[in-house]
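Written below as structure tokens is the structure these notes are about.
Heavy atoms only: backbone and side chains are in, while hydrogens, waters and symmetry mates are out. One-based numbering, in listed order, for ligands and for the atoms of each.
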Amino acid sequence: MLRQVAEGVLVHQSEFMQSNAVVVQGGAGVLLIDAGVTGDEMDCLANDIRELGQPVVAGFSTHPHWDHLLWHANLGAAPRYGTARCAATVRDRLSDPGAKARVATMIPPDLVEQVPLDLLGLITGVPADTARIPWDGPDVRIIEHQAHAPGHAALVIAERRVLVAGDLLSDVLIPFLDLSGTADPIDDYLAALQLIEGVASDVDVFIPGHGSVGAAEQIPARIAQDRAYLRALRDADVLSDPRLGPSAHGKDWLPGVHERQLQCVAGAPGTRKDGLKPSTLG
Ligand SMILES: [Zn+2]
């Protein structure tokens, strides 16, 4: 079901990790950001979009993780974009014949049959430093930064006063570091949060890649929660994060991700994970 969160901006939430697909209405059709996860859900989304009376004229993936790179044939054949770094990373990781089988191992076993991988990652990079998504609709500003995954982008739709945060600012997922070889992933993540803080006053609503959509007044609290997590991780401090609690959405597996991140940050040998491995499936 599509839910309107601002004028001309609608959200379709997946059951898997409360993933949010975002529909932005433009002049000749809609822009679809992070289309969704299961085939049935994306098919349902395609029907909902058809009922709006508009075709999908462009797609965008906020970052190169499998759950943000999916697509369904019924959504049509519009160009799908990502940042240049995102597209290069996808190209790199999906170039060999065994790539899709590898991706399938990253998807939870009870879900994998429902996730269509045939159109996975067919995105075109916009040239580096492109300021806006090329499409016929309200300006969508690309705010690229180094956190969570290479070429990760948040998006600001100024005219609609909406921030699409990618996998930042989630109330269900702890910050997942980009451990694909960056020098200081915690510092990078903190810098990204600062960048987001700088655009918070331009919006009324924000949409995280996973979790609840919020009013802009909640952005400082979400940023504070992520900062507290990152600083505790860096200093190996005691942590009380509700996202790791016994009743949290990800209670069965997020504590394991946290544990691996702790080991990585502490420099345990052999724990550096590639960004598409199960530990970073967000
Ligand atoms: Zn994600």
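Both Val90 and Val103 sit in one connected hydrophobic cluster of ILVMFWY residues. Membership requires side-chain heavy atoms under 4.5 Å apart, directly or through other members.
Coordination check, His65 versus the Zn ion (ligand 1): failed, since every N/O/S atom of the residue sits at 2.8 Å or beyond. Residue contacts to the Zn ion (ligand 1): His63 brings no N, O or S atom closer than 2.8 Å.
Ion pairing between a basic and an acidic side chain is recognised when a charged N comes within 4.0 Å of a carboxylate O; Asp96 and Arg102 show such pairing.
Closest to the Zn ion (ligand 1) among the N, O or S atoms of Asp67 is OD2. As for His68, its N/O/S atom nearest the Zn ion (ligand 1) is the one called NE2.
The shortest heavy-atom contact between Pro175 and Gln261 is O-NE2, 3.0 Å.
Residue pairs meeting the salt bridge (Lys or Arg N to Asp or Glu O under 4.0 Å) criterion with at least one member in residues 118-133, sequence neighbours excluded: Arg132-Asp139.
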